[in-house]
Protein chains: 2
Amino acid sequence: MSVQERKQRERAERERLIVATARELAEQQGWDAVTTRRLAERIEYSQPVLYSHFRGKREIIGAVALEGATEMAAAIRAATAAADGPRARVTALARTYLDFAAHNPAVYDALFQLDGGLAFAHEDTPEPLKDAFAALLESLGEVAGDGVHPGVFTETFWAALHGLATLTRAGRLPPEYAGQRVELLVDRLAVV
Amino acid sequence: MSVQERKQRERAERERLIVATARELAEQQGWDAVTTRRLAERIEYSQPVLYSHFRGKREIIGAVALEGATEMAAAIRAATAAADGPRARVTALARTYLDFAAHNPAVYDALFQLDGGLAFAHEDTPEPLKDAFAALLESLGEVAGDGVHPGVFTETFWAALHGLATLTRAGRLPPEYAGQRVELLVDRLAVV
DNA sequence: GAGTCGATCCTAGCATCGCTAGACAACGGA
DNA sequence: TCCGTTGTCTAGCGATGCTAGGATCGACTC
């Protein structure tokens, strides 16, 4: 028993190492630089070891995405809990969301830009993803306004944030007016 | 003279063929399927011919993007011109934008998801891109509301549409309430 | 404590990718 | 008719994700 347990522990530890290394490498040099060879070299194992943990590169991206979703949900809950009143909560949520995207671009890509093989908007959606959406819903649901479904409102607000995050990072939007755009979004969309 | 002109014409024609074929292949099977080999085979030339027209695959994607930007600008102008009043124009714009993204996913990817090597939000931005943004600005500028810069308003509205387009297509948003989300966006963001 | 057997890991290789060098052919101008 | 330029192709490079097969190591059995 003890031997098997130890091996299982070591396996789990190595899996964490793979995910953490992939994330680190992606944040440092972008996802293009995360090749199976480089990743294997960094964890000091041979390439095929990766495939004994994950079905392929997609699944590794997916693992990074799930990790990121958990962190993002926590960050949003922390920020909104510290804010007073619905309006302040929405502002804090928007800022935190965009900050997370800006400071963890590789994780954000893994979540929403790359194919991590994850299911969305289904019952078989992984728990961290559902929970991240729930974190958004908690603060956004209360400012949906009359006659608007809280879920639909949250989806729309989220989409707007997602658009800002991706277009800004891709250099499609000049960064100068980022603050004004967030303000505009909160002022107009949220019913306080 | 005539000989050179003919050759130039043929070259331009082949360049159009390359871009059109790349676009067609991307729409049919996704950009992953657009390899230089497959593309070369479809246009019935060898691989290196592509590189006598474009510096690489990125530039081909960029060419498809520019073509798409022109079409999108035209579609938006046509839709808004046919609408009566600011509110109707904004609704038409939003619908048209999302329809374009839904019906030309590969082109939309070339424009905003993939790296086509294009500059954005600078003075050296290609004309079609600037013009597409101008088309948005024409109808959105008039509903920015007091004290909000039309350009910043357009950027924000555009980002929201972009978020809806990408998240919907990636399966991140259930398609059932697409209409409600657009309605919500127009109702709240636009000042009519 | 020795032998066997299974799990674990690595070397080597496949098909495919974007891209390029160098050989070859075809065509226009003298 | 010959030459030279221009254009095109064949072949190949390095790198990618992924996999088959053999080798090695360690844990149980007698």
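Values in this document were obtained by computation on a predicted structure and should not be read as measured data. Sequence lines set the chain letters: A, B, ... in the order given, protein chains first and strands last, and positions in each chain run from 1.
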Task: Exceeds 12 heavy-atom contacts within 6.0 angstrom, atom CZ of B:R169 - done: yes

TODO: Whole angstrom is fine here: how far is it from NZ in A:K57 over to C1' in D:dT16?
DONE: 8 Å

Open item on the list: Tell me the interatomic distance from A:Y45, atom OH, to C:dT8, atom C1', rounded to whole angstroms.
Closed with: 10 Å

- [ ] Measure from CD on A:E44 to P on C:dT8 and round the result to the nearest Å.
- [x] 20 Å

Task: B:R172 to A:F112 six-membered ring, cation-pi geometry met (6.0 Å, 45°) - done: no

Open item on the list: Between A:F157 and A:H162, is the ring centroid distance below 6.0 Å?
Closed with: no

Open item on the list: By nearest heavy atom, map A:R37 and A:S46 onto DNA chain C; which one lands nearer the 5' end?
Closed with: A:S46

Open item on the list: Tell me if the side-chain of B:Q47 makes a donor-acceptor pair with the base of D:dC9, cut-off 3.5 Å, by modelled atom types.
Closed with: no

Open item on the list: More than 12 heavy atoms of other residues, nucleotides or ligands under 6.0 Å from CG of B:D32: yes or no?
Closed with: no

Task: Between D:dG17 (P) and A:E41 (CD): distance, integer Å - done: 13 Å

Open item on the list: Using whole Å, what does the distance between atom P of nucleotide C:dA7 and atom CZ of A:R11 come to?
Closed with: 13 Å

TODO: Could you tell me whether A:R38 contacts a base, only the sugar-phosphate backbone, or nothing, with contacts defined as non-hydrogen atoms closer than 4.0 Å?
DONE: sugar-phosphate

Task: Atom pair distance, as rounded to whole Å: OH in A:Y51 and C1' in C:dT8 - done: 18 Å

- [ ] Would you kindly give the CD-to-P distance between A:E10 and C:dA7, to the nearest whole Å?
- [x] 17 Å

TODO: Name the nucleic acid region contacted by A:R14, choosing base, sugar-phosphate or nothing; use a 4.0 angstrom heavy-atom cut-off, strictly under.
DONE: sugar-phosphate

TODO: Side chain of B:V49 only, please: which of D:dT8, C:dC19, C:dC10 is the nearest?
DONE: D:dT8

Open item on the list: Can you measure B:Q29 atom CD to C:dC17 atom P for me and round it to whole angstrom units?
Closed with: 12 Å

